[in-house]
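Everything on this sheet refers to the single structure shown next.
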Amino acid sequence: MNFLNQSHKNRFNTIISKDGTDLNDLNRKSLFYIISGNDELFNNRYYIYDLDKRWIAPDNLEQVNFIETSLALIELAYNLYNNFSSGSISNIFKGLDKDNFKLAIKGLKIRFNMDLE
């Protein structure tokens, strides 16, 4: 799996380990890949995903003032996790910078088992 940098890889492995994610669980892997690759998302991961219940936590998102790019990535990550959606795919990709665009594309590839790199 290709990561943006070593920090991204370490954070991904930390979340995977704490969650106890099965390595064949592409839904969670794509979610955690996106969360671990963005500083704001990683720093607020407990508002995004409940590790105790092992479930997304959309009701907690209002507790953090996420920037628009982060909200778009959360939307995509949630959609890849369980088809949760409140917006369009074009709104998700609109305004993403280069690194966040890479996160989004790679998250899609992981979820649909197209991670052939």
Side-chain angles (χ1 to χ4, degrees):
M1 183 178 299
N2 292 334
F3 293 93
L4 297 176
N5 51 48
Q6 189 61 41
S7 176
H8 182 199
K9 181 178 181 178
N10 293 342
R11 295 187 302 195
F12 175 81
N13 289 329
T14 296
I15 297 173
I16 290 285
S17 175
K18 286 185 179 184
D19 183 65
T21 303
D22 183 301
L23 295 180
N24 294 316
D25 186 339
L26 301 178
N27 299 40
R28 280 187 175 83
K29 282 176 67 175
S30 62
L31 171 77
F32 297 152
Y33 182 87
I34 292 170
I35 290 171
S36 62
N38 177 286
D39 291 338
E40 183 178 26
L41 298 185
F42 184 77
N43 292 336
N44 292 289
R45 64 193 174 277
Y46 300 113
Y47 294 102
I48 299 168
Y49 184 85
D50 186 326
L51 283 166
D52 294 327
K53 294 179 182 176
R54 298 190 73 224
W55 193 254
I56 58 173
D59 294 337
N60 293 339
L61 295 179
E62 295 175 3
Q63 297 178 39
V64 179
N65 190 20
F66 288 105
I67 62 171
E68 187 175 337
T69 299
S70 295
L71 287 172
L73 288 173
I74 293 168
E75 173 74 26
L76 175 63
Y78 279 4
N79 186 273
L80 295 175
Y81 177 73
N82 71 352
N83 294 326
F84 181 91
S85 181
S86 63
S88 71
I89 194 76
S90 60
N91 284 338
I92 290 171
F93 283 91
K94 184 176 88 176
L96 293 181
D97 63 22
K98 185 178 178 179
D99 284 342
N100 287 316
F101 186 83
K102 285 181 186 179
L103 276 177
I105 295 298
K106 184 68 170 190
L108 286 164
K109 287 181 175 183
I110 291 168
R111 171 60 181 86
F112 296 105
N113 203 22
M114 300 300 290
D115 188 28
L116 306 174
E117 301 169 10

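Values in this document were obtained by computation on a predicted structure and should not be read as measured data. Just so you know, these numbers use all the heavy atoms, side chains as well, and skip hydrogens, waters and symmetry mates.
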Original post:
For Asn13, does its backbone N or O pair with a side-chain atom of Ser17 as donor and acceptor, under 3.5 Å?
Top reply: no
**OP:** Identify the two heavy atoms, one from Leu4 and one from Gly37, that lie closest to each other, and give their separation to 0.1 Å.
**Re:** CD1-O, 3.7 Å
Original post:
Any link between Ile34 and Ile105 through a network of hydrophobic side chains (Ile, Leu, Val, Met, Phe, Trp, Tyr) touching at under 4.5 Å?
Top reply: yes
Subject >> OG-CG distance between Ser30 and Leu103, expressed to the nearest 0.5 angstrom >> reply: 11.5 Å
Original post:
Between His8 and Ser36, which heavy-atom pair has the shortest distance, and what is it?
Top reply: CD2-OG, 3.1 Å
Subject >> Shared hydrophobic cluster for Ile56 and Leu26 (ILVMFWY, side-chain gaps under 4.5 Å) >> reply: no
Original post:
Do side-chain atoms of Lys106 reach the backbone of Phe3 as a donor and acceptor pair under 3.5 angstrom?
Top reply: no
**OP:** Under the ring pair (Phe, Tyr, Trp, His ring centres under 6.0 Å) rule, collect the residues that match up with Phe93, sequence neighbours excluded.
**Re:** Phe101
Subject >> Candidate pair Tyr46 and Asn60, rule side chain to side chain contact (heavy atoms under 4.5 Å, CB included), full reasoning >> reply: CA-CA 9 Å; Tyr46 300 113; Asn60 293 339; over 6 Å; no
Original post:
If you look at every heavy atom in Ile35 and Arg45, which pair is closest and at what distance?
Top reply: CG2-CB, 3.8 Å
Original post:
Looking only at heavy atoms, which two atoms of Leu31 and Tyr49 are closest? And how far apart?
Top reply: CD2-CD1, 3.5 Å
Subject >> From OG1 (Thr21) to CD1 (Ile16), nearest 0.5 Å >> reply: 4.0 Å
Original post:
Looking just at side-chain N and O atoms, do Glu40 and Asn44 make a donor-acceptor pair shorter than 3.5 Å?
Top reply: no
Original post:
When rounded to the nearest 0.5 angstrom, what distance separates CG in Asn2 from NZ in Lys9?
Top reply: 10.0 Å
Original post:
Does any donor atom in the side chain of Arg111 or Tyr33 lie under 3.5 Å from an acceptor atom in the other side chain?
Top reply: no
Original post:
Once you round to the nearest 0.5 Å, how far does CZ of Arg28 lie from CG of Leu80?
Top reply: 13.5 Å
Subject >> Interatomic spacing from CG in Asp99 to OG1 in Thr69 - rounded to 0.5 Å >> reply: 11.5 Å
**OP:** Can you establish whether the number of heavy atoms outside Asn65 located under 6.0 Å from its atom CG is more than 12?
**Re:** no
**OP:** Kindly state each residue pair satisfying ring-ring contact (aromatic ring centres under 6.0 Å, His included) with at least one member in residues 52-71, sequence neighbours excluded.
**Re:** Trp55-Tyr81
Subject >> Linked, directly or transitively: Leu73 and Ile67 (ILVMFWY side chains, under 4.5 Å) >> reply: no
Original post:
Is there a side-chain contact between Ile48 and Leu61, using heavy atoms and a 4.5 Å cut-off?
Top reply: yes
**OP:** State, yes or no, whether a side-chain contact exists between Asn27 and Asn82 at a heavy-atom distance under 4.5 Å.
**Re:** no
Subject >> Sidechain-backbone polar pair: Arg54 side chain, Asp19 backbone, donor-acceptor under 3.5 Å >> reply: yes
Original post:
Between the side chain of Asn43 and the main-chain N/O of Asp39, is any donor-acceptor distance below 3.5 Å?
Top reply: yes
**OP:** To the nearest 0.5 angstrom, please state how far the CG atom of Asn79 sits from the CD1 atom of Ile92.
**Re:** 6.0 Å
Original post:
Is it true that atom CD of Glu68 has more than 12 heavy atoms of other residues, nucleotides or ligands lying nearer than 6.0 Å?
Top reply: no
Original post:
Applying the 4.5 Å side-chain criterion to the ILVMFWY set and letting contacts propagate, would Ile110 and Phe112 be lumped into a single cluster?
Top reply: yes
